[in-house]
Structure formats: structure tokens, C-alpha cells
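Input: a single structure, listed below in C-alpha cells.
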Amino acid sequence: MFQIIDGKKISQEIKEELKEKVAKDKAEGKEISLAVIQVGNDPASSVYVRNKKNACAYIGINSLSYELAEDTTEEELLSLICKLNEDNKVNGILVQLPLPKHINEEKVIQTIDPKKDVDGFHVQNVGALCVGSEGYVSCTPLGIITLLKRSGIEISGKNCVVIGRSNIVGKPMALLLLRENGTVTVCHSKTEDIKEITKQADILVVAIGKPKFVDETFVKEGAVVVDVGIHRNAENKLCGDVDFERVAPHTSAITPVPGGVGPMTIAMLMNNCVQSAERSV
Ligand code: GUN
């Protein structure tokens with residue numbers, strides 16, 4: 001029998017813990033504020049931004065909302081970020097991605113003060129993760145490590161395989177698993193014979209962005225499978241990068257979609273915001 005890793009429940013527990021912490025900080029006169037910037041109105045981004053603001057409200061973090069028009073110039077956005085960098089009342093700055101094509105995403109991310117980069121995307125924070133010093137860690141991979149730890153899954157010494165090498169998930173995921181003493185392999189679009197590698201995995205993290213890409217032929221009997229993907233299929237139902245029905249019976253534990261990794265990303269963003277306030281004291 002396999003364990004379904006309940007990201008909804010674990011993320012709720014974390015939010016309760018953070019809520020208590022924030023209430024204590026408030027009683028001592030410490031407020032936490034997160035600036036949330038969205039440029040344009042991509043429907044998926046609007047849903048994510050709404051969920052992030054709702055989580056802030058639940059935990060007791062002030063969210064400062066900046067909804068900018070699609071035709072906002074790069075200069076205008078950079079100037080807003082600089083203003084927020086200077087503002088002592090702002091602890092964290094989040095720019096929802098993707099940005100419209102005329103704006104250089106990389107330049108925007110690198111303009112955010114690394115001490116306020118609660119997404120953990122700034123090179124300084126990625127570098128800190130790489131060398132093992134303190135910094136913000138990208139929320140989705142941090143959420144996955146937290147899910148594994150809170151589910152009692154041992155990482156140390158295990159064969160960990162990550163499918164996908166994005167800056168937001170794949171690369172920081174590999175670094176985090178390494179930090180936990182896993183033996184890590186990263187597979188990507190140019191990997192030859194991917195199944196031969198994934199079949200060695202004790203822990204398989206799938207972040208490839210293709211619906212139901214992984215079936216049971218990729219998975220070693222008794223492996224732990226973490227699914228980062230989220231897609232809508234032809235019947236408008238949500239599904240992940242993993243074919244859950246076919247893969248689950250061969251695992252010892254697996255994350256579902258929805259209700260697995262997704263809710264953890266927002267819980268970790270809230271965690272990073274609380275951390276930002278603690279660091280600014
Ligand atoms: N777009 C998709 N995922 C993310 C995320 O984690 N942070 C931001 N800022 N934008 C995203």
C-alpha cells in the first residue's frame with residue numbers, strides 16, 4: 001500500500017504555525033509586509049497572485065498590491081522595485097512571473113534587493129544555496145523538501161533523480177537534495193535513456209511540464225514520487241506530470257495533483273516572508 005503525501009494538510013499545519021508566530025511578532029509591535037507586483041492580467045497569474053494575497057491575509061501579513069498595466073515599461077517597473085527596496089516597511093518583494101515579453105525578466109529579478117527576494121530567485125540567493133550559506137530558497141523546491149521531511153521520508157544517502165532543470169524548480173531542487181545528503185542526478189530534454197536513470201531513483205521529482213509524462217515504466221518498485229506539474233486535461237480536470245493512477249501502486253509514497261506540491265509553494269512563500277521580517281530586526 002502506498003502513502004499519499006497530503007500537501008494540503010501539511011501546508012495548513014505550516015500556515016497555522018506561521019500565523020501564531022506572526023501574532024506574537026505583532027504583539028511586540030512588529031508588522032510584516034509583502035509587496036506583490038503583477039504586470040498585465042494573465043489569468044493563471046491572477047489566480048496565483050490572489051492565492052498568495054489570501055494566504056497573507058490568513059497569516060496576518062500585510063500584502064501591498066501593485067497591479068500594473070500590460071504596457072508598463074521596464075523602466076517603470078524597475079523604478080517601482082527600487083522604491084520598494086528603499087522602503088523599510090516592506091519586508092518582501094514578489095514580482096509574479098511570467099512578465100510581458102518587452103520586459104527583461106532577468107534584469108527585474110536582479111534588481112530586487114536580495115534581502116527582500118522572498119522568491120529566492122536572485123543570483124545572490126541561488127549562490128547562497130549553492131555554497132550552503134544563509135539565504136532565501138525558491139518556494140516550490142523548499143516545499144518539496146519540507147513535504148518529504150514532514151512525511152518521515154529519509155533523503156540522506158538516497159538516489160534522488162530530478163526531471164527538469166529550470167531555475168525555479170529543477171536546479172534549486174537538485175541543490176537542496178544534495179544539501180540533505182542525497183545522491184543527485186538531473187535529467188533533462190537532452191538526457192539519453194531517461195528511464196534507465198529514473199528507474200534507479202529512490203526519490204523521483206518530476207518537473208518537466210508535460211501532462212502524464214511519467215508512467216510506471218519510469219519508476220522503481222517502492223520509490224517515492226513527487227509531481228510538480230499542474231495541467232488541465234481535455235475534460236478540464238487537473239493532472240500532473242505523472243500518470244497518478246498507473247504510477248501510484250508501484251510507489252511507497254506519492255504526491256497527488258492537486259493537493260500535493262502546489263499548496264506547499266504558497267506556505268513556503270509565507271515562511272520566507274516571516275523569515276524576512278526576522279532578518280530585518
Ligand atoms: N510564476 C510561477 N511560479 C512562480 C513563483 O514561484 N514566483 C513568482 N514570482 N512567479 C511565479
Side-chain angles (χ1 to χ4, degrees), residues 7 11 14 33-56 61 63-68 70 72 74 77-78 80-81 84-85 90-101 103-126 129 135-147 162 164-173 175-176 205-210 226-232 238 240-241 257-258 260-273 275-276:
S11 68
I14 292 167
S33 297
L34 171 68
V36 182
I37 304 172
Q38 184 182 357
V39 184
N41 35 32
D42 170 68
S45 287
S46 297
V47 173
Y48 289 131
V49 164
R50 193 174 62 231
N51 290 342
K52 289 171 186 180
K53 288 182 195 163
N54 286 344
C56 282
I61 293 172
S63 62
L64 313 168
S65 183
Y66 296 87
E67 288 169 19
L68 310 182
E70 178 83 23
T72 299
E74 184 178 292
L77 178 57
L78 294 178
L80 170 63
I81 293 170
L84 296 168
N85 282 344
V90 174
N91 305 95
I93 301 170
L94 180 147
V95 179
Q96 187 62 31
L97 305 179
L99 288 167
K101 288 201 175 27
I103 298 179
N104 181 337
E105 229 164 67
E106 184 59 19
K107 201 164 168 190
V108 168
I109 291 169
Q110 303 316 331
T111 301
I112 298 172
D113 180 343
K115 292 194 289 302
K116 299 190 178 190
D117 168 40
V118 284
D119 261 326
F121 294 166
H122 193 284
V123 284
Q124 192 170 310
N125 285 314
V126 179
L129 171 63
Y136 293 110
V137 178
S138 183
C139 301
T140 299
L142 184 60
I144 291 169
I145 292 289
T146 309
L147 264 188
V162 179
R165 56 170 158 177
S166 70
N167 288 342
I168 294 185
V169 184
K171 285 181 201 158
M173 187 74 251
L175 289 168
L176 275 177
V205 178
V206 191
I208 192 172
K210 291 183 184 168
V226 177
D227 188 352
V228 183
I230 185 147
H231 315 274
R232 262 188 207 283
L238 291 173
D241 289 351
V257 176
V261 172
M264 291 301 289
T265 298
I266 291 190
M268 291 302 107
L269 175 68
M270 298 298 107
N271 175 75
N272 287 357
C273 289
Q275 194 183 318
S276 73

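Excluded from the calculations below are hydrogen atoms, water molecules and symmetry mates; all remaining heavy atoms, backbone and side chain alike, are included. Whatever order the structure lists ligands and atoms in, that order sets their numbers, starting from 1. These numbers come from a predicted model, not from an experiment.
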Set of residues satisfying side chain to side chain contact (heavy atoms under 4.5 Å, CB included) with respect to E74, sequence neighbours excluded: L78, I103, N104, K107
Do you know the tightest heavy-atom contact between S46 and Q38? OG-NE2, 3.1 Å
Residue list, side chain to side chain contact (heavy atoms under 4.5 Å, CB included) with L129, at least two apart or on another chain: V137, P172, L175, L176, R179
Considering all heavy atoms of both residues, which atom of V169 and which atom of A207 are nearest to each other, and what is their separation? CG1-CB, 3.7 Å
Could you tell me whether R50 and E67 make a salt bridge, using a distance below 4.0 angstrom between a side-chain N and a carboxylate O? no
Sequence neighbours excluded, every pair satisfying side-chain hydrogen bond (donor to acceptor under 3.5 Å, both in side chains) that has a member inside residues 264-273: T140-T265
Any protein N or O within less than 3.5 Å of an N or O in ligand 1? List each pair with its distance, or say none.
residue: ligand 1; atom: 1 (N); partner: Q96; partner atom: NE2; Å: 3.3
residue: ligand 1; atom: 1 (N); partner: L97; partner atom: O; Å: 2.9
residue: ligand 1; atom: 7 (N); partner: D119; partner atom: OD1; Å: 3.1
residue: ligand 1; atom: 7 (N); partner: D119; partner atom: OD2; Å: 3.3
residue: ligand 1; atom: 9 (N); partner: V95; partner atom: O; Å: 2.8
residue: ligand 1; atom: 9 (N); partner: D119; partner atom: OD2; Å: 2.7
residue: ligand 1; atom: 10 (N); partner: Q96; partner atom: NE2; Å: 3.4
residue: ligand 1; atom: 10 (N); partner: L97; partner atom: N; Å: 3.0

